[in-house]
Amino acid sequence: MKKINVVKTIAFVTLFLVLFAGVSKVMTCPADYRNYQWIAGFYEEPKESLDAVYIGSSNCYSFWNSLTAWQEYGIAVFPYSTNAQPFAAAKYLIKETKKTQPNALFIVNINTLEDNGLRISDFHHLLDYMPLSMNKLALTNHLAKVGGYTLSESMELYIPMIRYHERWDELVPEDFQYEVDGLKGASSYGIYLHGSTDVTEEYITSEKEGQQEPELEALITDLLDFCDEEQVNVLFVTVPRAEKNEETIQKFNLVNRLIEERGYPTLNLNDKVSEMGIHLTEDYYNKQHTNIHGSIKFTRYLSEYLIENYQFEDKRTEDTYTSWNTAWERYRQIIAPYVLDFELESGMQAFDLKAPADFGAIVEDGSLCITWIPVEDADGYVIYRKEGEKDEWQLVGEAYGTAYTDMSVESGHSYFYTIVPFVEEAGNRYYGNYSFDGKMMEI
Amino acid sequence: MSFTSLGFIVAVSILCLIYYIIPKKFQWTVLLTGSVLFYMTYGAERILFILLASVTAYCAAVKIDKVYVKQDAYIKEKGLSGKEKQEYILQNKKTTKRILLLAVGFLVFMLAYSKMGNWLQKTVSGLIYGQEKPILPLIVALGISYYTFSLIAYLADVYWRKEKAEKNYLRFLLFVIYFPKILQGPISRHNFLAPQLKQEHCFDYQTFCFGVQLVVWGYFKKLVIADRLSIFVDTVFNDYSACSGAVLAVATIFGAVQLYCDFSGCMDIVRGVSQAFGIELEQNFKQPFFSRSAAEFWRRWHITLGAWFKDYVYMPIVVSPTLVQKLKPIKEKWGMKAVKKIMTAIPLAVVWILTGIWHGTGWPYIVWGIYWGGIIISSMLLESVYKNVLLKLGINEEAFWWRTFQMLRTFMLFCIARLLTMPNSLLATAVICKRIVCDFHVTSVLSNNLFQYGLDKQNFILVIIAVLIVWAVSVLQGKGMVREMVARRNIVLRWSIYFALIFAVIIFGIYGPGYDASSFIYEAF
């Protein structure tokens, strides 16, 4: 072949690969962009800057809130997690995140064992955004193997365009921008912010251990052997999901014991909801996931555990971490319509103080007079208001009785109100529960 | 391994690399190995039938050839001439004819059994046992319709002494099983393909590029148009009773375009792949929708099949002494003109019934053959009447509007023919035709109703644009080789066209598991 033809061929193939990579990136991004943030976001972090990396399925980002941990304790823990992330990936993900964060603690979510559906779409959530490396190829190969997929079935994991090319008629502007939101993996999706469901019936605990399963044992052994080999600092955490199924809890108990026997630390939080102050009636958005209110409480509990056991230092004033402070400022704005200030203040909550059962209001001379049923043990109440559902809650006043008149309302407007009971002890106020959505009043 | 799978592209690339790297005298063995492996990806047992068929044809051809060699030597040795020679040749002809008929008979039996065995066994077992159950194993031989015809043509050519028998069985097997053409043709002739397979091929950049371009164009027609249209066509015809006449009419037209893009797209892929190896395959399509008559259409559509029937069915009947003998009384009574017409009509009728059977089993295909045969024979018989009418009406046959009308008419004839075989029963065809005629409301096409059958508005627009591109390229093809036209352009335009085509296939092609947004939106998580 002539020299010019060789040059032309190389140029053509190179150009094709560049264009293909670009087109593939545009087409690959699935509609909700969350997994992209958790995976691609991780690679934005400077080398050796994270205290810990939280590896696992959706539990990680719904229970752990990296930015509330940052604003309260100044610790940097990033969730390298994706929807239904298979537990079989853990070993590879430790290896992956260790490349840039070799000194970090690797927190592995045990509950991920139950999300091991091994659906090819779940593999996409993880693999699509990992940069190309030998480790990624090995992980892809491993997942295809454990999922029982043939080479032709798993080809879409190596070349995502095979699946995503059909999105050509549903592309949105975000597909072309493809930006990391810089929120350090802190969740901001709708149901996490405003969803709430009662999981009292589903939530069970158990002290018993499940029966030994050779496959499960092999999976754990393989991961721990890897940890031995790589000498990584690892912590295994079981989050308090409302599993309903006792067998699942027992399985987690067994896994925790197996891990402890190998000398690795575990933190089984399955029966610690009351200790953390998590309310089964409103702090979950579904049985496997806490909402922002539950996650603030969980994050606080785990942060304190990490600080105590791993001596993580407060880095809020360090220059390297300016992006975390900026992220928090932005995130505070995002969560403002859903979270009241006091929730973000450590140790200032009276978990047992219930929210007022209901409240009503009447309009008198252009003012709104709100009355409510008294809450047992409450010393007083603070009243918050917002105009639109997505507006920030504003403190409008406080009352020691069971009525409050809001004089600053405008006729023809509607407002959301929520009332928070509190108790006072030694000059400190401890706030209780409140209605997250509030109640709408029309003037 | 499908032509449209990634595995096929990768396998062909590897094969191509090996083909041009190894010493040239071994190139044919690479093709043979690749072809056998490709065939075996559809099931190892299937290769037995093709081996059986090829061994039969190979042995028969060698045997016939031997008779001829012996015959020539004998004539030369004895110095035979005149009547003696004729008698000796006639004697040998009987032997070779017997060998030919035995071999062809066996091949046709295998083909017929593989095509109709299932239906035949069900019917027979139904009569004997009262229930339909298989008695003998069925032959599910891949590409049997194509390789059987190639083998018959080869045997006939050897018998007619148009070519010599191949002595090397493996080389002969390569001609039979050569992977680009084994699944869907073209029906290759031994004297066209075998010399190319024997030849040593140096890598030619231009030929290779042209081959790859043809492959990409084939994928465009197949994956972007045909497979997209089939979603609509299949949805409509699977539930034709619920569709309005207008929707059925659209599906019929789309069905015709789909068939063309599917078949000709595959032909482009296989011809392009073969070209990348430096081997040309016969052209099977030549802008058939620009045909002005049914006869012309069939000279441009599935060309190798039409040529095969012409050479190995039509011509033998026309020159058959038996037919000439039988037509003698007619010649005396009605004259030579009538004999000529009958001599054309009879072989054409045979050809078209056989063409129908070749395309599929069951009544729809026989009716399909009669339909085309009827049109072509009647237009041939009435040619003079037809010309007179045009003359009296003062229609200029070369006028643009008249040529366009003829093309549209031919296309409509093709659509009607497609309606005969698409719904799989003549009753369904009748219902659909009735509905198209009696229940045709343009409003149901113009409204969103049309987008309920698997293709949304965007996909409709896309497929129409793609069809227009194919039409425009077809117009250009009438003026010369489009790939050469593109190659003469500057590099920016040229590469833009190549990349546009490649990415059109990658993005708009129908392949892969499909993107289901619901499995990716995790609102509940």
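This one's a predicted model, so the numbers in the text were calculated from it and none came from an experiment.
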Colleague: Please state whether the side chain, the backbone, both or neither of Asp204(B) comes within less than 4.5 Å of a heavy atom of chain A.
Modeller: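 Contact with chain A is absent: no heavy atom of Asp204(B) under 4.5 Å.
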Colleague: State, yes or no, whether a side-chain contact exists between Phe16(A) and Ile506(B) at a heavy-atom distance under 4.5 Å.
Modeller: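 A side-chain contact exists here, since the closest heavy-atom pair is under 4.5 Å.
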Colleague: Kindly give the heavy-atom pair with the smallest separation between Tyr511(B) and Met161(A), and that separation in Å.
Modeller: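 Heavy atoms of Tyr511(B) and Met161(A) come nearest at OH-O, 4.0 Å.
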Colleague: With a sphere of 6.0 Å drawn around CZ of Arg494(B), does it hold more than 12 non-hydrogen atoms of other residues, nucleotides or ligands?
Modeller: yes
Colleague: If I take atom OH from residue Tyr498(B) and atom CG from residue Leu15(A), how far apart are they, to the nearest 0.5 angstrom?
Modeller: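 It is 14.0 Å, given to the nearest 0.5 Å.
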Colleague: Would you please classify the geometry between the Trp495(B) ring and the Phe12(A) ring as parallel, tilted or perpendicular, with 30° and 60° separating the classes?
Modeller: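 Perpendicular: the ring planes of Phe12(A) and Trp495(B) meet at over 60°.
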Colleague: Just verifying a value: how many Å separate His165(A) NE2 and Ile510(B) CD1, rounded to the nearest 0.5 Å?
Modeller: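 If I round to the nearest 0.5 Å, the distance is 6.5 Å.
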Colleague: Can you tell which of Ile159(A), Ile162(A), Leu151(A) has the highest number of heavy-atom pairs within less than 4.5 Å of chain B?
Modeller: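 The option with the most such pairs is Ile162(A).
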Colleague: May I ask you to check whether Phe20(A) and Phe499(B) place their ring centres under 6.0 Å from each other?
Modeller: no
Colleague: Once rounded to the nearest 0.5 Å, what's the spacing between atom NZ of Lys8(A) and atom SG of Cys209(B)?
Modeller: 7.5 Å
Colleague: Find the distance between CD (Glu156(A)) and CG (Leu6(B)) and round it off to the nearest 0.5 Å.
Modeller: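 Reported value, rounded in 0.5 Å steps: 12.0 Å.
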Colleague: Please examine the side chains of Asp169(A) and Phe508(B), heavy atoms only from C-beta on, and report whether any two atoms are closer than 4.5 Å.
Modeller: no
Colleague: At a heavy-atom separation under 4.5 Å, does Met155(A) approach chain B through its side chain, its backbone, both, or neither?
Modeller: side chain
Colleague: Could you grab the distance from atom CZ of Phe208(B) to atom OG1 of Thr9(A), nearest 0.5 Å is fine?
Modeller: 8.5 Å
Colleague: Can you tell me if Glu153(A) has over 12 outside heavy atoms packed within less than 6.0 Å of its CD?
Modeller: yes
